[in-house]
2 protein chains.
Amino acid sequence: MGDEVQIFEDYLKKHALHLTGPRETVLRSIFGTHEHFTADELIAHLQRAGTPVSKATVYRTLSLLSECNLLIEHDFGQGKKYYEHASELQHHGHLYCSDCGRIAEFYDPRLNAMQEKLARQEGFEPVSFAVKIYGRCADCAAKQARRDSGAVS
Amino acid sequence: MGDEVQIFEDYLKKHALHLTGPRETVLRSIFGTHEHFTADELIAHLQRAGTPVSKATVYRTLSLLSECNLLIEHDFGQGKKYYEHASELQHHGHLYCSDCGRIAEFYDPRLNAMQEKLARQEGFEPVSFAVKIYGRCADCAAKQARRDSGAVS
DNA sequence: GTTGAGACTGAGACTGAGTCTCAATTTCAG
DNA sequence: CTGAAATTGAGACTCAGTCTCAGTCTCAAC
Ligand SMILES: [Zn+2]
Ligand SMILES: [Zn+2]
Ligand SMILES: [Zn+2]
Ligand SMILES: [Zn+2]
């Protein structure tokens with residue numbers, strides 16, 4: 001998984017920037033574990049790990065990683081951004097449980113082709129796609145069903 | 001277009017709420033013109049129109065209108081929400097120009113069917129879909145092309 | 001027509017994610 | 001080494017959106 005380190009370093013060098021300690025700390029933390037995470041979670045995680053990095057630096061590093069396509073940003077309308085590794089399965093869509101915030105994924109190659117075509121039809125030059133489905137995950141649906149049947153109040 | 005007034009009034013009555021002056025002002029402003037708008041734009045518009053409504057009330061009314069499905073919220077990752085009339089063509093997707101913020105729309109019934117199916121496959125009970133394509137609109141693409149050819153710096 | 005419970009309102013305090021500033025520190029090419 | 005340029009963290013700041021609360025309005029019941 002040192003792949004990302006190399007890519008990041010190349011990107012930085014190309015822009016006369018340095019791979020410093022804090023940046024590497026952030027990089028390793030991100031590509032060591034997390035799948036879908038928020039800046040806040042990452043900051044807390046670094047704190048707990050005993051390698052704190054300031055909020056400003058974390059945000060700056062997240063921007064850099066997005067710029068060099070190692071990370072992808074997602075917005076589920078919660079007023080904060082989610083990030084995920086860009087490497088994995090490309091262009092998958094997301095399911096977001098409005099009840100518990102759980103995130104699931106799906107993939108269908110036809111979706112991408114359709115989107116590309118639809119964008120061109122409108123004269124747009126597409127750069128990225130985002131398919132999001134909001135609803136209730138299996139657990140929360142079951143919980144809701146139980147609540148509906150019992151406790152008729 | 002008094003249709004919306006009726007629906008809103010019914011919804012309010014059902015919840016023991018009242019269709020008050022400020023609420024009606026907001027309602028009429030929204031369904032009189034705007035297509036994709038933000039809370040800020042709406043507040044400014046009401047101000048200019050000489051019928052100011054407080055920020056708090058505007059937000060509260062936007063929530064109510066979303067709850068009764070007269071409005072749909074959209075988030076393009078700009079840290080603020082966009083709203084649009086729910087009545088129009090249902091479930092259309094959006095194209096967002098990352099350069100100028102222009103919003104275009106597209107519609108393909110197959111997209112909805114696919115999403116429904118994919119959600120169920122993951123055990124989700126879908127409530128709403130959001131397909132967003134980010135890229136460059138025709139104008140901005142042309143502008144970019146011009147910039148690239150001329151001014152080689 | 002009064003009245004009172006409860007809904008409504010606006011002003012402004014507050015929140016929270018994300019950005020910006022700036023002085024002190026670190027990096028690295030020369 | 002040295003110094004120009006990049007980097008950092010602390011905390012001030014921004015800005016959309018929410019919350020609070022005292023004063024106001026609504027309406028159904030008298
Ligand atoms: Zn859930
Ligand atoms: Zn994902
Ligand atoms: Zn544009
Ligand atoms: Zn639309």
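Between C:dG10, D:dG9, D:dT18, one nucleotide has an atom nearer to the side chain of B:Tyr59 than all others, and that is D:dT18. For B:Ala56, the listed nucleotide lying nearest its side chain is D:dC19; candidates were D:dG17, D:dC19, D:dG9. Among C:dA17, D:dA10, C:dG10, the nucleotide with an atom closest to any side-chain atom of B:Val53 is C:dG10.
Positionally, the nearest nucleotide of DNA chain D for B:Gln78 lies more toward the 5' end than for the other of B:Gln78 and B:His18. With DNA chain C read from its 5' end, the first of the two nearest nucleotides for B:Arg23 and A:Thr20 is the one closest to B:Arg23.
In this structure, B:Leu12 atom CG and C:dA7 atom C1' are separated by 11 Å, rounded to whole Å. Between the CG atom of B:Leu17 and the P atom of D:dC27 there is a distance of 12 Å, given to the nearest Å. Rounded to whole Å, atom P of D:dG17 lies 9 Å from atom CD of B:Glu73. The separation between B:Leu42 atom CG and D:dA16 atom P is 14 Å, rounded to whole Å. The nearest whole Å value for the distance from the CG atom in B:Leu19 to the P atom in C:dA7 is 16 Å. The NZ atom of A:Lys81 sits 14 Å away from the P atom of D:dA16 (whole-angstrom rounding). The nearest whole Å value for the distance from the NZ atom in B:Lys13 to the P atom in C:dA7 is 16 Å. Rounded to whole Å, atom P of C:dC8 lies 8 Å from atom CG of B:Leu64.
Contact annotation: side chain of B:Arg60 to base of D:dG17, donor-acceptor pair absent below 3.5 Å. The base of D:dG11 has none of its N or O atoms less than 3.5 Å from a complementary donor or acceptor on the side chain of A:Lys55.
A donor-acceptor contact closer than 3.5 angstrom links the side chains of A:Glu84 and A:His92. Counting only N and O atoms by type, the side chains of A:Glu116 and A:Asn112 include no donor and acceptor under 3.5 Å apart. Looking only at atom types and distance, the side chain of A:Ser66 has no donor-acceptor partner in the side chain of A:Ser63 under 3.5 Å away.
Test B:Glu41, B:His94, B:Arg102 against B:His36 for side chain to side chain donor-acceptor pair (under 3.5 Å) and you get one pass: B:His94.
Considering only side-chain N and O atoms, B:Ser54 lies nowhere under 4.0 angstrom from the phosphate OP1 or OP2 of C:dA11.
The CG atom of A:Leu19 lies 13.5 Å from the OH atom of A:Tyr11; values are rounded to the nearest 0.5 Å.
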